[in-house]
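All values derive from a computational prediction rather than experimental measurement.
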Amino acid sequence: MAYIPASADRSTALRISHPALVSYLIQVYEVLWAQAVPLAENHQATAPNAPVTAVQHSIARLLAEGHVDDVVARKMGISVRTCRSHIARLMQTLGATSRTHLGTLLARSGITSTSPHEPPA
């Protein structure tokens with residue numbers, strides 16, 4: 001079951017019970033949530049003076065959480081091929097020679113523990 005606003009002033013809601021539509025709304029929510037940043041942060045396309053883009057930062061965080069490429073791509077709302085392209089550029093930026101090496105470099109750099117809009121400490 002899902003409820004969405006049914007009027008511009010949000011005084012009424014529409015109840016949705018069709019399983020396929022509810023499933024779709026959940027998927028859209030998960031994609032948006034994976035790309036979200038706290039409201040208090042400055043919303044920029046990339047971090048200032050940092051070679052890692054906001055998208056690559058989000059992908060790095062999802063990889064560090066243990067997700068495989070297919071899951072990362074779905075959560076980001078991009079194709080697996082595009083996801084892997086971002087991972088390859090991330091590997092190149094950090095000088096990683098393998099995916100395992102990338103994981104180590106991500107952990108050391110602090111990229112996965114900082115906001116995409118502020119450089120690691």
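For the salt bridge (charged side-chain N to carboxylate O under 4.0 Å, His left out) condition, no pair includes a residue of residues 12-25, sequence neighbours left out. Annotation: side chain to side chain donor-acceptor pair (under 3.5 Å) contacts involving residues 68-81, sequence neighbours excluded, comprise Asp69-Arg84, Asp69-Arg99, Ser79-Thr82. Applying the salt bridge (charged side-chain N to carboxylate O under 4.0 Å, His left out) test to pairs two or more places apart or on separate chains, those with a residue in residues 51-64 are Arg61-Glu65.
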Residues Met1, Ile16; criterion side chain to side chain contact (heavy atoms under 4.5 Å, CB included); working and verdict
CA-CA 6 Å; Met1 191 83 51; Ile16 300 172; over 6 Å; no

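Taking hydrophobic clusters as Ile, Leu, Val, Met, Phe, Trp and Tyr residues chained together by side-chain heavy-atom distances below 4.5 Å, Leu106 does not share a cluster with Val71. With hydrophobic clusters built from ILVMFWY side chains whose heavy atoms lie under 4.5 angstrom apart, Ile78 shares a cluster with Val52. Under the 4.5 Å side-chain contact rule for hydrophobic residues, Ile59 and Val31 do not share a cluster. Hydrophobic clustering (ILVMFWY, side-chain heavy atoms < 4.5 Å, transitive): Leu105 and Leu62 are in one cluster.
In terms of the side chain to side chain contact (heavy atoms under 4.5 Å, CB included) criterion, Ala13 has no residue partners (sequence neighbours excluded). Residues passing the salt bridge (Lys or Arg N to Asp or Glu O under 4.0 Å) test with Arg89, sequence neighbours excluded: none.
The minimum heavy-atom distance between Leu90 and Gln56, with the atom names listed, is CD2-O, 4.0 Å.
Within the 4.5 Å cutoff, the side chain of Met76 has no heavy atoms near those of the Cys83 side chain.
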Donor-acceptor list for residues 18-28 side chains, cut-off 3.5 Å, not counting sequence neighbours:
unit_1 : atom_1 : unit_2 : atom_2 : d
His18  : ND1    : Ala20  : N      : 3.2

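Of the possible polar contacts, none joining the Ser11 side chain to the Ser7 backbone as a donor-acceptor pair under 3.5 Å is found. A distance-only check finds a donor-acceptor pair linking the side chain of His101 to the backbone of Thr97 [under 3.5 Å].
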